[in-house]
Every structure is written in structure tokens, then in C-alpha cells.
Amino acid sequence: MQMKLGLVGFPIKHSLSPWIHNQFLQKAGIEGTYSIMEINPDNSFELGLKRIKESQVDGYNVTVPYKKQIINYLDDLDKNAELIGAVNTVVCKNGKWVGYNTDGIGYVIALRNKFPEIFRDKTNRILIIGAGGAAYGIYYGLKSEGFTRIDIANRTRSSAKAIAIIGDNDVETSLLTLGEAQEFINSYNLIIQTTSVGMKPNTEETIIPVELLKRNSIVSDIIYQPLNTRFLRDAREAGASIHYGHTMLLYQAQYAFQLWTNKKIPIDEMDQQLKTILEGR
Ligand code: ATR
């Protein structure tokens, strides 16, 4: 039987997920397809989902603008996704739809692969810049790893505050303004940029200047278009080690595929291949 997987969102015509998952299917030796299942927000979301259900998919990813909205249409929700309040992966089994969130864990696995040393000392200081959907998953993922201090800097304080109260409060979190983040950036061992600032076409924008950061800190940007954001370029110039955004995309996909098939496909050369695709865009 052919496995039927796909992506729900809008606009998603240029998404890299079909490239990733069709390779996973091939590597796993599973016959099937991962396709785009675009639902235009001008049309009914409910009707779009009904059609998907009728087509008997085995699972699908969910992306903007539906990561929260999809929750209303699921039969069950994983605890992680419930805490984060967003779903990016749905597993369909025996007519039941169960929602998961693999974004945060994808980020954590990607980080661990590249910089295992940061996980050896859970008192390493972490700063997350931004408080949108991605920041939620990453905060929760790092918190689950046992890091004791994760600060959040955001333009709007109330959104940062909403993140800091998810789950049990066993991590210390200070809320910073963007100005404070710039001023105190040298206090952090790991800085994660999760806002949309600097994304194509606004590639010369950056959320905060980083001249003051510690030379041996690790700096992540979850934007992958462009791969070399201004934020990362500035950070590298200031002496930091750089962690590119496309790795989160690969590892959240790896984990989603595992939920659908029970198979964990090694990322190996796909990391470099995806980098080359993105650099050519
Ligand atoms: P989501 O990831 O849930 O779709 P988003 O609306 O894309 O969220 O925003 C992601 C983050 O980018 C938010 O932290 C947002 O800051 P606010 O909470 O203050 O809106 C941040 N962001 C987007 N544009 C920004 C800008 N020009 N300056 C500063 N922060 C910005």
C-alpha cells in the first residue's frame, strides 16, 4: 500500500518539506508520496480538512497559518503540543487524528548534533530572542533538557511572559527588552534568534546588534532564507560559533517522519544538499 503524506498550510508552493520527506520515503524503502495540500484562507479550512480526511492520508505536517487552528479538528493531542499550543505534525490512524509538535525537539536535536558541549553544563545561560510560535517550542524543548536558566527577549513583553509560564516553573526566566538583550548579550553562552526579522527579502535587517557578545558563544538563527542572515554574519564577525536555521527544518522533519513510520532516517548528506539548495535560491 502506498503511504500518503503531505503538508497543510498557505502559501506552501515553495516549501522544502516535499524534498525532505520524499527523500526519507525513498531512503526508508517505503512506497508513497508527500505532497502539498494547500488550503487557501479565503476558502473553508474545515472543508479543506474534510477532503484530506476523505483521501485517507497517513499523516501530514501543518504550517502557517494553521498550527493553532488545527487543534480544534484533532481527536487527540500530545502533551508537548498541548503545552506549546501548536501542532506541526498530525498522525492519522484508524480514522483518528493525533497532533504533535516536533519543532522544538527538532531544534534541540539539531543543536545537540552540532554543539554537544552546550548540553554538558545545564547552567549555560541561554537567550531566546522572539516569542512567536517557534520560540514556544524551542523554550519548551530546552527546558525539557534541564537547562536551568532560559531568558527571553521580545519587542512585546506580554508574549514573552506567556511563554515563560508554560509547564511547571522549574526554570528561571527573565524577560528582557530588545535593548537589554543587546546590552547584556555577553552574559549568554547560547543565543537563539527566532523572529522573522532578517528574512528574505529584508536581508539587511537584524533584530539587535551583537558586537558585545562573548567570543566563544553559540549563535543560532532559525531563519533559513537566507541561510547566512545578517544576524549570523555579524555574530560570526564578533567571534561566535554559528548554527544555521536549515538544521531545525531537517530534524523536525526527521522526528515527524519517525512518528508516521517508526523509522528514523539519518540526515547525513541531506544537510549539505539542503544548504546548497538554499544558497542557490
Ligand atoms: P509566529 O511564529 O507565531 O508566526 P510571528 O508573528 O511571525 O509569530 O512573530 C515571531 C516573532 O517575531 C515575535 O516575537 C515578534 O515580536 P512581537 O511579539 O513583538 O510581535 C517578532 N517580530 C516580528 N517582526 C518584528 C520586528 N519588526 N521587530 C521586532 N520583533 C519582530
Side-chain angles (χ1 to χ4, degrees), residues 7-12 14-17 38-39 41 45 61-72 77 80-89 99-108 110 126-143 150-166 173-185 188 190-210 219-226 229-232 234-235 245-246 248-249 251-253 256:
L7 174 66
V8 171
F10 187 87
I12 49 175
H14 300 291
S15 165
L16 289 156
S17 293
E38 197 164 68
I39 302 178
F45 184 53
N61 287 126
V62 185
T63 187
V64 279
Y66 301 123
K67 284 188 182 186
K68 285 183 194 300
Q69 207 177 330
I70 188 70
I71 293 175
N72 302 318
L77 198 54
N80 217 6
E82 189 180 345
L83 280 170
I84 295 166
V87 159
N88 79 328
T89 302
Y100 295 83
N101 193 309
T102 72
D103 283 334
I105 198 160
Y107 175 81
V108 171
I126 301 175
L127 175 67
I128 296 177
I129 305 174
Y136 264 80
I138 291 172
Y139 179 86
Y140 190 73
L142 291 170
K143 184 175 132 114
I150 308 172
D151 294 348
I152 306 170
N154 197 44
R155 176 178 62 179
T156 312
R157 188 182 161 87
S158 56
S159 334
K161 198 166 174 191
I163 293 188
I165 57 172
I166 56 171
T173 296
S174 302
L175 307 181
L176 279 68
T177 62
L178 293 174
E180 287 165 341
Q182 177 183 344
E183 188 179 346
F184 302 118
I185 200 150
Y188 296 96
L190 169 64
I191 300 141
I192 309 157
Q193 199 302 107
T194 73
T195 76
S196 45
V197 178
M199 199 183 279
K200 259 185 187 173
N202 306 313
T203 53
E204 281 315 303
E205 288 181 6
T206 188
I207 189 75
I208 52 166
V210 291
V219 175
S220 271
D221 196 329
I222 67 159
I223 291 175
Y224 52 85
Q225 307 211 64
T229 57
R230 161 121 188 252
F231 186 73
L232 287 186
D234 290 352
H246 74 293
M248 176 174 170
L249 182 68
Y251 286 94
Q252 63 76 27

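When a ligand or atom number is given, it counts from 1 through the structure's own listing order.
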Ignoring hydrogens, just give me the one of Gly198, Ala160, Gly132 whose non-hydrogen atom is nearest atom 9 (O) of ligand 1.
->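 Answer by nearest heavy atom: Gly132.
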
Check each of Met199, Arg155, Lys68 against atom 26 (C) of ligand 1 and report the one with the nearest heavy atom.
->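 Checking each option, the heavy atom nearest atom 26 (C) of ligand 1 is found in Arg155.
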
Can a protein heavy atom be found under 4.0 Å away from atom 17 (P) of ligand 1?
->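 Yes; the ligand atom in question has protein heavy-atom contact below 4.0 Å.
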
Is there a protein heavy atom less than 4.0 Å away from atom 5 (P) of ligand 1?
->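 Answer no: nothing from the protein, no heavy atom, is under 4.0 Å.
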
Any donor and acceptor pair, going by atom type alone, linking the side chain of [X] with main-chain N or O of [Y] inside 3.5 Å?
X: Arg230; Y: Glu205; value: no
X: Asn101; Y: Ala86; value: yes
X: Asn61; Y: Asn88; value: yes

What atoms of ligand 1 come closer than 4.0 angstrom to any heavy atom of [X]?
X: Gly133; value: 1 (P), 2 (O), 3 (O)
X: Ser159; value: 18 (O)
X: Ile207; value: 29 (C), 30 (N)
X: Ala131; value: 13 (C), 14 (O)
X: Ser196; value: 12 (O), 23 (C), 24 (N)
X: Gly130; value: 14 (O)
X: Val197; value: 24 (N), 25 (C), 26 (C), 27 (N), 28 (N), 31 (C)

Residues two or more places apart in sequence or in another chain: which of them pass salt bridge (Lys or Arg N to Asp or Glu O under 4.0 Å) with Asp221?
->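 By the salt bridge (Lys or Arg N to Asp or Glu O under 4.0 Å) rule, Asp221 matches no residue at all.
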
Among all residues two or more places apart in sequence or in another chain, which pass the salt bridge (Lys or Arg N to Asp or Glu O under 4.0 Å) test with Glu38?
->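 Expected list: Lys13.
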
Please confirm whether Val64 comes within less than 3.5 Å of ligand 1 when only nitrogen or oxygen atoms on both sides are compared.
->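 No, there is no polar N/O contact under 3.5 Å.
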
Between Thr156 and ligand 1, does any nitrogen or oxygen pair lie at a separation below 3.5 Å?
->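 Indeed, backbone or side chain, Thr156 has an N or O that close.
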
Using a 4.5 Å cut-off on heavy atoms from C-beta on, say whether the side chain of Asn202 contacts that of Val197.
->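 No - every pair of side-chain heavy atoms lies 4.5 Å or more apart.
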
Do Leu16 and His246 come within less than 4.5 Å of each other through their side chains, counting heavy atoms only?
->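 No. Closest side-chain heavy atoms not under 4.5 Å.
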
Can you pull out the closest protein heavy atom to atom 11 (C) of ligand 1? Residue, atom name and distance to 0.1 Å, please.
->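 Ranking protein heavy atoms by distance from atom 11 (C) of ligand 1, first comes Thr195 CA, 3.9 Å.
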
Evaluate side chain to side chain contact (heavy atoms under 4.5 Å, CB included) for Val8 paired with Ile39, printing each intermediate quantity in order.
-> CA-CA 7 Å; Val8 171; Ile39 302 178; 3.9 Å; yes

Test side chain to side chain contact (heavy atoms under 4.5 Å, CB included) applied to Val87 and Tyr66, step by step = CA-CA 8 Å; Val87 159; Tyr66 301 123; over 6 Å; no

Option passing side chain to side chain contact (heavy atoms under 4.5 Å, CB included) with Met248 (candidates Ile105, Thr102, Ile138) |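 Looking at Ile105, Thr102, Ile138, the match for Met248 under the side chain to side chain contact (heavy atoms under 4.5 Å, CB included) is Ile138.
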
For ligand 1, which part of Asn154 has a heavy atom less than 4.0 Å away: the side chain, the backbone, both, or neither?
->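 The part of Asn154 near ligand 1 is the side chain, not the backbone.
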
